[in-house]
Amino acid sequence: MHLPVLRELADRLPVVHAVAATPDSARTALEGAQMSARAGVDVAALLDDEAVDVVAVCGPHWTHADHVVAACEAGKRVVLCEKPLALGVEDARRIATAAGRAGTRVLVGTMHSYDPAWRAALGHARPRLGGARRVRVRAWVPRTEVLVALASGSAPPPAPPAPPPITDPSARAVVLRFALLGLGVHTATHLRALLPEVDRVTHARLLPSGGYLLGLAGPGGTAVLSGFSAGDWRRPDWHVDARGEGGRLRVDLPSSYLRAGSATARWTAAGETRRWSTPLDGYRAMWENVAEVAAGTAEPVLPLEEAVADLDYLLGIADAAAPLLGDPS
């Protein structure tokens, strides 16, 4: 999915080496994006390639930490790691240590964190919201496979059969953790920006197909965090809604991978209404930030220490929610 955007940025981020599970899959991806580059299956060969100074880590979640650390130890200038940065906070901190030693800049591919409308609206609203905040962060979207198919122009795959109900408490906790690492991690930055401290989970429920519904509370207010990645394409709903004593912020985000421009954001308060929206989507903005960081002309929009803190925040919620989980329905 990254190659079409990188083709647009070929003068700044030319693709010179691609690694995938098989040589054929790497070549097919390059050909589909109308690119020519070295293709293979050996991560070590890519990291040894002196022509490579920016690395995108896009493998299975469990490989992310080791691949990012290896890229840092190989002296690469910039690494973009697809979400999640790691499966646990200790691995995320291991990445931060390796990056600090090597001087490598590590960015995380939570594309909505880079959305220019979200960033502008948050900068305006955060100092004005005031206390007693009520926050809702919802990501009800199609399956990733459907989004990728729609973005690439291919036919969406059929829906898999519904999984059986999960009755074992420890299994429900694992499902929630991985649902948050897969979908919730996209919204961790938004939620933590608006409710920085969560000291208790008031409600926790698994939804069908690995969705979740969580009630949260902290010193600054309350929040409802929900996600569902088997939703109906005709009615996707990805939004952030925050109300405080000083006003209300509403941000409607486009589905991942679809190049549909930025979020649409609105701030309303007594005597004031402001709106933000741009043609630049978060996906393109993310890669432009990578290019700028590689060129030494900008800092990461989402600094690594903030990405680690987001992961710590999210997994803390998962741990606190686990004892409260009821049967999915």
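Just the heavy atoms: all of them, side chains too, but no hydrogens, waters or symmetry mates, feed the values below.
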(request) Go through the structure and list residues passing side-chain hydrogen bond (donor to acceptor under 3.5 Å, both in side chains) with Arg12, not counting sequence neighbours. (result) none
(request) For Arg77, check salt bridge (charged side-chain N to carboxylate O under 4.0 Å, His left out) against everything at least two apart and list the hits. (result) Asp53
(request) Kindly state each residue pair satisfying side-chain hydrogen bond (donor to acceptor under 3.5 Å, both in side chains) with at least one member in residues 301-312, sequence neighbours excluded. (result) Thr189-Asp310, Arg192-Glu306, Arg192-Asp310
(request) Only counting residues at least two apart or in another chain, list the ones meeting salt bridge (charged side-chain N to carboxylate O under 4.0 Å, His left out) with Glu299. (result) Arg105
(message) So, using side-chain hydrogen bond (donor to acceptor under 3.5 Å, both in side chains) as the criterion, who are the partners of Arg119 when residues are at least two apart?
(response) none
(request) Could you list all the salt bridge (charged side-chain N to carboxylate O under 4.0 Å, His left out) pairs where at least one residue sits in residues 267-279, not counting sequence neighbours? (result) none
For residues 33-42, dump all side-chain donor-acceptor pairs below 3.5 Å to protein atoms at least two apart in sequence or in another chain.
residue: Asp42; atom: OD1; partner: Ala44; partner atom: N; Å: 2.9
residue: Asp42; atom: OD1; partner: Ala45; partner atom: N; Å: 3.3

(message) Holding to side-chain hydrogen bond (donor to acceptor under 3.5 Å, both in side chains), I want the full list of residues that pass it with Trp118, two or more places apart in sequence or in another chain.
(response) none
Show me, pair by pair, the donor-acceptor contacts under 3.5 angstrom made by side chains of residues 85-95, not counting sequence neighbours?
residue: Glu90; atom: OE2; partner: Arg93; partner atom: NH1; Å: 3.1
residue: Asp91; atom: OD1; partner: Arg94; partner atom: NE; Å: 3.1
residue: Asp91; atom: OD1; partner: Arg94; partner atom: NH2; Å: 3.0
residue: Arg94; atom: NH1; partner: Asp66; partner atom: OD1; Å: 3.4
residue: Arg94; atom: NH2; partner: Asp66; partner atom: OD1; Å: 2.9

(request) Output every pair passing side-chain hydrogen bond (donor to acceptor under 3.5 Å, both in side chains) with a member in residues 13-23, not counting sequence neighbours, ordered by first then second residue. (result) His17-Asp49, Thr22-Ser25
(request) Kindly give the cluster partners of Leu280, where membership spreads through any ILVMFWY side chain lying under 4.5 Å from a current member. (result) none
(request) Tell me, please, which residues at least two apart from Arg27 pass salt bridge (charged side-chain N to carboxylate O under 4.0 Å, His left out). (result) Asp24
